[in-house]
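So the structure is just underneath, and the comments pick up after that.
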Protein chains: 2
Amino acid sequence: MVTGTREALIDAAAQLLDHGGAEAVTLREVGRRAGVSHNAPYKHFRSKEALLASVAARELREHSLGLSGGSPGATLRAAMHDYVAWALTSPARFKLVFGAWSVESPDLAAAAGSAHAVLVDLVAGAQRDGELPAGDAVRLASLVRALAHGAADLAAAGHLAADGKGNADPQHLVDDLLAYLRTVAQAPGTR
Amino acid sequence: MVTGTREALIDAAAQLLDHGGAEAVTLREVGRRAGVSHNAPYKHFRSKEALLASVAARELREHSLGLSGGSPGATLRAAMHDYVAWALTSPARFKLVFGAWSVESPDLAAAAGSAHAVLVDLVAGAQRDGELPAGDAVRLASLVRALAHGAADLAAAGHLAADGKGNADPQHLVDDLLAYLRTVAQAPGTR
DNA sequence: ACCTGAACACCGTTCAAGT
DNA sequence: ACCTGAACACCGTTCAAGT
């Protein structure tokens with residue numbers, strides 16, 4: 001009984017998300033797994049959407065740790081690979097975190113803001129190292145992130161490996177983009 | 001009464017999708033708008049998911065037309081801009097078409113396959129023109145598509161313009177990628 | 001061949017109580 | 001402060017009929 005039922009509700013929701021996707025998360029089943037009535041969640045969250053926002057915030061916070069201490073370029077590459085692996089391993093959680101948020105959650109917004117700041121820093125560091133072309137770091141970070149997001153989302157939905165020959169693996173696409181960008185950074189005439 | 005109720009059901013579903021998103025599409029409201037009972041859809045589709053697959057297939061087919069007759073590179077750029085605009089204008093339809101398909105639909109698979117083939121052809125043409133780097137056209141097409149998809153999906157979810165300064169407009173990201181790729185294609189040492 | 005109406009087993013949410 | 005049980009207004013889907 002040390003955990004508190006609030007945390008137990010979040011646990012149950014995340015568990016259901018992994019098991020049967022978003023549609024498997026019902027407040028009634030969440031309550032059942034947490035050992036309370038189907039109604040108890042309303043004493044901790046304003047709505048089902050608010051509970052899901054808390055799940056998303058915790059998920060995003062947990063994934064924001066553990067950036068190993070290599071070069072900015074290597075760390076950026078690892079982070080984008082993690083991003084893609086996240087979408088493939090836990091597609092329902094991924095969609096919850098990076099889909100549209102139907103509820104205002106300062107918690108979730110703060111976690112997203114700090115993740116964004118880390119990414120921009122990595123990009124700026126890689127630019128300094130000559131591994132990425134110069135220019136607005138926010139814009140370039142958005143480019144890299146959008147590629148990783150698109151590859152991850154398409155792969156998770158089964159829309160990437162069109163011919164099964166594996167020439168469009170999402171991780172390969174991340175590597176391709178970073179390699180192209182390094183080529184641009186080191187081409188003559190860049191400043 | 002020339003339209004047939006099957007088409008009327010698809011119309012109604014698409015309309016509801018635009019109005020209130022995916023959760024607004026209920027078979028009961030679809031039937032109401034089509035002038036039939038809440039039960040009539042089952043005489044034309046095996047399930048709600050099958051109806052939605054038909055909506056997606058029609059949507060994808062309609063968007064696959066109208067590729068203007070410019071150069072491959074210009075047409076590719078226009079197609080990716082259309083892709084992004086599609087996600088911003090009709091996010092619910094876009095998610096339906098490019099999200100995970102919960103139902104096997106040969107109709108939908110065929111439309112997706114032909115759209116993919118067109119994209120690969122455009123990329124191959126742009127490679128021949130020296131506007132894109134050489135290499136596997138399928139893989140490069142996946143790269144370009146993944147960037148457009150990620151930028152579109154993030155923008156539609158409100159996760160792109162983090163600071164409101166507009167330096168991460170999804171259309172700009174498409175242009176940035178194509179410009180980088182042209183730089184790579186025209187850099188010395190590429191073959 | 002196409003449609004209807006009742007019924008079933010679910011939902012999220014609200015409300016009046018209970019401790 | 002936290003929880004329960006009944007109730008309400010919905011769902012998707014099935015089934016027995018109707019023409």
Side-chain angles (χ1 to χ4, degrees), chain A residues 1-57 92-93 95-96 99-105 107-108, chain B residues 1-57 92-93 95-96 99-105 107-108:
Chain A
M1 204 70 78
V2 64
T3 46
T5 98
R6 188 193 147 92
E7 212 64 26
L9 292 168
I10 296 180
D11 283 341
Q15 206 176 321
L16 285 166
L17 218 44
D18 289 338
H19 231 82
E23 88 243 7
V25 183
T26 69
L27 287 183
R28 289 167 138 91
E29 184 62 28
V30 164
R32 208 169 294 140
R33 296 201 175 208
V36 292
S37 79
H38 73 279
N39 209 326
Y42 286 95
K43 309 305 165 183
H44 301 271
F45 305 94
R46 267 206 318 259
S47 67
K48 179 185 178 180
E49 298 300 321
L51 165 60
L52 289 175
S54 290
V55 175
R93 297 194 192 204
K95 275 181 196 169
L96 182 65
W101 300 336
S102 53
V103 147
E104 306 264 334
S105 164
D107 216 21
L108 186 47
Chain B
M1 202 70 79
V2 62
T3 46
T5 98
R6 188 193 148 91
E7 212 64 25
L9 291 168
I10 296 180
D11 282 342
Q15 206 176 320
L16 285 166
L17 219 45
D18 289 337
H19 232 84
E23 87 243 7
V25 184
T26 69
L27 287 184
R28 289 165 138 91
E29 184 61 27
V30 164
R32 209 169 293 140
R33 297 202 174 208
V36 293
S37 80
H38 71 279
N39 210 327
Y42 286 95
K43 310 304 164 183
H44 300 270
F45 305 95
R46 267 205 318 259
S47 66
K48 179 184 178 180
E49 297 300 322
L51 165 60
L52 289 175
S54 290
V55 175
R93 297 193 192 202
K95 276 181 195 168
L96 181 67
W101 300 335
S102 53
V103 147
E104 307 264 336
S105 165
D107 214 21
L108 186 47

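Because the structure is predicted, anything quoted here is derived from the model rather than measured. Every chain is numbered from 1 and lettered A, B, ... according to where its sequence line falls, protein lines coming before strand lines.
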Rounded to the nearest 0.5 Å, how far does [atom2] of [Y] lie from [atom1] of [X]?
X	Y	atom1	atom2	answer
A:E104	A:W101	CD	CH2	10.5 Å
A:T26	A:H38	OG1	NE2	10.5 Å
A:S54	A:R6	OG	CZ	4.5 Å

Using the test side chain to side chain donor-acceptor pair (under 3.5 Å), find all partners of B:S47 that sit at least two apart in sequence or belong to another chain. none
Dot-bracket encoding of pairs in DNA chain D, which uses [ ] for pseudoknotted crossings and | for another strand, Watson-Crick or G-U under 3.5 angstrom: ||.|||||...|||||.||
Does any non-hydrogen side-chain atom of A:L9 lie less than 4.5 Å from one of A:V36? yes
With a 4.5 Å heavy-atom cut-off, do A:L51 and A:L27 have their side chains touching? yes
From [atom1] of [X] over to [atom2] of [N], roughly how many Å is that when rounded to an integer?
X	N	atom1	atom2	value
A:F45	C:dT13	CZ	C1'	16 Å
B:R6	C:dA1	CZ	C1'	15 Å
A:R32	C:dG12	CZ	P	10 Å
B:E29	D:dC11	CD	C1'	13 Å
B:Y42	D:dT14	OH	C1'	9 Å
A:L27	D:dC10	CG	P	19 Å

Which part of the nucleic acid, if any, lies within contact of A:V30, taking any heavy atom under 4.0 Å across all strands shown: a base, the sugar-phosphate backbone alone, or nothing?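 Here A:V30 touches no strand at all.
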Got a sec? Which of residues 46-56 of chain A come in under 4.0 Å of DNA chain C, heavy atoms?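 Here the set is A:S47, A:K48.
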Salt bridge (Lys or Arg N to Asp or Glu O under 4.0 Å) partners of residues 38-47 of chain A, not counting sequence neighbours, each pair once: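 Residue pairs with at least one partner in residues 38-47 of chain A: there are none.
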Qualifying salt bridge (Lys or Arg N to Asp or Glu O under 4.0 Å) pairs with a residue from residues 21-39 of chain A, counting only residues at least two apart or across chains: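 Found A:E29-A:R32, A:E29-A:R33.
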Closest heavy-atom pair and its distance - [X], [Y]:
X	Y	answer
B:G21	B:A92	CA-CB, 4.1 Å
B:D107	B:A57	OD2-CB, 3.9 Å
B:V55	B:A13	CG2-CB, 3.8 Å

Each nucleotide of nucleotides 4-9 of chain C classed B (base within 4.0 Å of a protein heavy atom), S (only sugar-phosphate) or -, in 5' to 3' order, makes BBBB--
Whether B:T26 contacts D:dC10 is assessed here as follows: a side-chain N or O lying under 4.0 Å from the phosphate OP1 or OP2. Is that the case?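 Negative; the distance criterion is not met.
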